[in-house]
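Here the structure comes first, spelled out in structure tokens, and everything after it is commentary.
All values reported here derive from a predicted model rather than from experimental measurement. Residue numbers begin at 1 in each chain, while the letters A, B, ... track the order of the sequences. Just so it is clear, the values below take in all heavy atoms, side chains as well, and ignore hydrogens, waters and symmetry mates.
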Amino acid sequence: MAKQLLKLKVNGRDFEVAVEPYHTLAQVLRNELNLTGTKVGCDMGTCGCCTVHIDGKAKLSCLTLALECQGTSVHTIESLNEYQMHPLQKAFAECGGSQCGYCTPGFIMKSAELLAKNPDPTREEIKAALAGNLCRCTGFMKIYDAVEQAASELRQKTSDKPFPVRS
Amino acid sequence: MPIVSGSGQTRNNHQLNKGVWTESGAPAEAPFNVIGKRVPLKDAYRKVTGEGVYADDMKFPGMLHCRILRATTPHAKIISIDTSRAEALPGVRAVVTGRDAENRFGVLPVSQDEVAMARDKVIYNGEPVAAVAADTEEIAAEAIWLIDVKYEPLQEFLKPRDSLKEVAPELQLHEKVEKKHPNTNIHKAVDQEFGDVEAAFKEAGAIVSAEFKFDGISHGFTEPHAVIAHWDADDRLQLYTPQQVPHYTHRALAKVLELPMHQIQVIRTMVGGGFGGKSDPFQHEMIAALLSMRTRRPVKVTMDREETFLTGRGRHPTEGKLAMAFSKDGKLLALDSDVIIDGGAYGSFGVVSAYYNGVLSNGPYRIPAFRYHGKRIYSNRIPSGAMRGHGSVNPRYCTETLVDMAAVELGIDPCELRMRNFLESNTLTPFHKFRITSNGIREGLAEAMKRSDWKNKWGKLPYGHGIGVGCAWYISGSALPIHWNKLPQSTVHLKIDLDGGIAVHSLAADIGQGSDTVLAQCVAEVLGVDMDRIHVKSTTTDTAPIDLGSYSSRVTFMAGNAARAAAEEIRHKLADAAARLTGQRGEYFDFVNEELVCRSKPDVRVGFMEALHEAQADVGALIASGSYQSPPLGSTFKGSNAGLSPSYSFSAFICELKVDLETGFVQPLKVWAAHDCGKALNPLSVEGQIEGSVHMGLGQALTEQLRYRNGQLLNANFLDYKIPTPFDTPEIEVIIVESHDPEGPFGAKECGEGALAPVIPAIGNAIYDAVGVRMFEVPMTPDRILKAIEKKQREGK
Ligand code: FES
Ligand code: FES
């Protein structure tokens, strides 16, 4: 099979990459674009480590073929740390929501989607949103704390410059 | 004894130390500057931004990719391996097989039974047989299927009891087996008897016994195994690996590759979870090194999730028969246990596991008569090894269940029965002479009972709704190192130059548990400086002094003490400099908020940088080395070293849950987790460790099991190997008990492993309270629970 040209926006920048039709978005992000913040824990849709946003929606990049993303706008964990650290990133660090850190980018990207839709989620809503993400280290408690802390910080911020889930 | 709540309210404010000092004048007890503070992990910001570099994130110019061909049968002779077609595939740069590395290795010097790739026979389904380095991962993946391996099947050992039988020499999985049982597949047998066990059972007021069975489980760390080897232009091997114990990998590489250790540098990358599963020297590390030496190019191995499962080293599948004798008034008289643990294909940490499965039952209760027969066997299943709570978790479930059964039989509240039998503080266990220093288990259990409203719940909740208790203890590092030598178990080097940054060199591996942060805190506390000044360099064997790494819950205790000792040496120098500058000779200085404050004249102060530059006059950078070595401990009989530790943690957990009577499904409602960690150096991390342990214990209790058919692992993925999701995980209320260990750094003991074991019996005992059945098989899956309920109903009729 020949490589095909994939045009997409990643973290706001235009890219044209030649990709194999069987390459996943995770592979292209990590291997071609050097965006290694996105992690691959299982490569089969069972851990959530590879979560990124495609046109504003949280998706598993290990289950998404790169060519499916033709013309889309993708955001990865790296996009949240431009000019200043995203409140979710700060909160995950401060609340102990990240231990080994391997699951963290996935959890943060999934949480960012949640907070964009629901700025004041209950603990049950947070659990429901994160149910597809696996963390083997934290037992989840401090992850919930982090999402709640970030949510409240974001709510206070909405008046000035919000942190939207960019698309 | 203070109890710090789970919400982490500690009472530390910046004030001069008015307490107990060490010899250098550093604070030994609160008030502290940074000890006891909720400090984010040193590397947390790199992790949340995606900047942290894990092995698979690394790329090198000219890097080749490796795939490993694995055995497709559990036990077979290798008749031939033909690699010619693979070698001919364009893009393939090298192919290696077992023939390319003869020397055996293994984590324990007594069990050197692994080879880089199988040589004459394969002994488990998934064992590496050959490996390819190629320009791309796709080519490597294609190439391994072109390797033709001819096998001749051998009799398989898939049930632990088969491994006990005498066999012909060619059916011995390894040449070296237990001396007491020649011509078998018994790797290690431990037989211990102390006190008069028979008499204790004769005079007992209550005897409880049961047969237990545990499936194997896996660490389930989220980062799959990965490694990069680079045989560089200077003819040195650079190995980038997520290792819990870079030092053991360093030794094993030297042995397998026949290189002097200094020609190898092991560089620990960020570790995406370990839990014991990244603490053996590994075959893939050897394979990457061999391929890189062959090609002189960097070679990367990244496993997929299935291979990561197949690499194994999880908790041993276990079968055992245990009995306990109690007097009428609830005094524990004796413990008798007979256990077989399935070690799978290799030795790994197994000799230690064989001991731990028995001797770590000598706490948290006083056992006046003790008998243990333990056998670790080799089988054709994936290798077992060390996993969080190594060797203590399964036997702990057994004993905690038996104590609960005894409580029912004697009509004593299970918590009360436990209280009557706990070891005291400052005592020795009767036979092994395990030295208990501080022990906060009574306070912990009392607090958990209070917060859970135990008295009003136990035995009083409606059918299907129950509450249960489980207690445990664990070592804070093994007092005896694996390699017997005179070196300290931990050494830490400090270097401070005129920039005022403090470099802390250590080989203790930060695997997410926060060891870098703890070392930084220890140093910052002694020197009274901000955490930002401290830069922990704990990744490379070229610069870091030897540390035995992150296993057996040893880092806070041992490396923490070493860091503290090194910092105190620097503190002496800075205090001398401050004395010179101020003319206050012979005075103690307190180091607080980046200032050196004269203790008797608090308005005489010197800034940290000023003191530093004065101290540097004529010598340049300040350097210091601190180390830790366990004191001589224990008894003198053969095997008495196993289980020795300078200190032990204690925990008491209570779990409330509901059992769905139609489906057998268990919904845990809440866990109250009281853990005595001595002193919580960083309550945020302590809570995180305990919460993580509870979550992992919950998985083993209810859903996690490695399932096999004909020696093949059936569920080597996260879909079929079920780790609890957010919905399966109840609220966890952490109760930190601070008992202040006399020898731990600032009073600390372990907290990363001991908190796992009590979860499982707390759940089992709560299931009994809910539906009246005892679960003797773990995990307690819905089908097993339903079966037990049905059996009880049948028998009830
Ligand atoms: S790597 Fe995509 S879900 Fe696990
Ligand atoms: S922090 Fe390690 S898996 Fe979540």
Contact class of [X] relative to chain B, heavy atoms under 4.5 angstrom:
| X | answer |
| --- | --- |
| A:I77 | both |
| A:F92 | both |
| A:C137 | both |
| A:Y144 | side chain |
| A:A91 | neither |
| A:T104 | side chain |

>> Determine whether A:K142 and B:L684 satisfy the following criterion, side-chain contact (heavy atoms from CB on, under 4.5 Å), listing intermediate values before the conclusion.
In response: CA-CA 9 Å; A:K142 304 226 169 316; B:L684 187 69; 4.0 Å; yes
>> Before you tell me yes or no, could you show the steps for B:T49 and A:M85 under side-chain contact (heavy atoms from CB on, under 4.5 Å), namely the whole-Å CA-CA distance, both residues' side-chain angles and the distance that decides it to 0.1 Å?
In response: CA-CA 8 Å; B:T49 51; A:M85 209 174 280; 3.9 Å; yes
Nearest-0.5 Å distance, [atom1] of residue [X] to [atom2] of residue [Y]:
| X | Y | atom1 | atom2 | answer |
| --- | --- | --- | --- | --- |
| B:F727 | A:E124 | CZ | CD | 6.5 Å |
| A:M141 | B:I690 | CE | CD1 | 13.0 Å |
| B:D43 | A:S98 | CG | OG | 7.5 Å |
| B:F718 | A:M44 | CZ | CE | 10.0 Å |
| A:Q99 | B:Q513 | CD | CD | 9.0 Å |
| B:E306 | A:D43 | CD | CG | 12.5 Å |

Which one, [options], leads in non-hydrogen pairs under 4.5 Å with chain A?
| options | answer |
| --- | --- |
| B:Q689, B:R305, B:M58 | B:R305 |
| B:E691, B:H219, B:H695 | B:E691 |
| B:E138, B:E731, B:M270 | B:E138 |
| B:G220, B:P40, B:G699, B:G514 | B:G220 |

>> If the threshold is 4.0 Å, N to carboxylate O, is there a salt bridge linking A:E32 and B:K59?
In response: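 Result for this pair is no, no salt bridge flagged.
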> Should the pair B:D57-A:R30 be classified as a salt bridge under the 4.0 Å nitrogen-to-oxygen rule?
Replying inline: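 A salt bridge is present here (some side-chain N lies under 4.0 Å from a carboxylate O).
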Taking all heavy atoms of [X] and all of [Y], pick out the closest pair and write down the distance.
| X | Y | value |
| --- | --- | --- |
| A:G41 | B:P224 | O-CG, 3.6 Å |
| B:I511 | A:C100 | O-CB, 3.8 Å |
| A:Y102 | B:T222 | CB-OG1, 3.3 Å |
| B:P726 | A:N133 | CD-O, 4.2 Å |

> Hey, mind stepping through B:V53 and A:T36 against side-chain contact (heavy atoms from CB on, under 4.5 Å) and telling me if it holds?
Replying inline: CA-CA 8 Å; B:V53 181; A:T36 51; over 6 Å; no
Which atoms of [X] approach chain A - backbone, side chain, both or neither, heavy atom under 4.5 Å:
| X | result |
| --- | --- |
| B:V694 | neither |
| B:I732 | both |
| B:P242 | neither |
| B:Y721 | side chain |
| B:D510 | neither |

>> Checking the side chain of A:R136 only, and the main-chain atoms of B:G273 only, is there a donor and an acceptor separated by less than 3.5 Å?
In response: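 Here the side-chain-to-backbone pair does not exist.
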>> Given 3.5 Å as the limit, does a donor-acceptor pair link the side chain of A:E78 with the main chain of B:G50, or not?
In response: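 Pair absent, no side-chain N/O of A:E78 close to backbone of B:G50.
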>> At a heavy-atom distance under 4.5 Å, which candidate from A:L130, A:N34, A:L134 has the highest pair count against chain B?
In response: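 The option with the most such pairs is A:L134.
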> Taking A:G97, A:C47, A:C103, A:A128 one by one, which has the highest count of heavy-atom pairs under 4.5 Å against chain B?
Replying inline: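 Heavy-atom pairs under 4.5 Å are most numerous for A:A128.
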>> Run A:K39 and B:E223 through salt bridge (Lys or Arg N to Asp or Glu O under 4.0 Å) and show every step you take.
In response: CA-CA 8 Å; A:K39 304 299 177 201; B:E223 179 206 20; over 6 Å; no
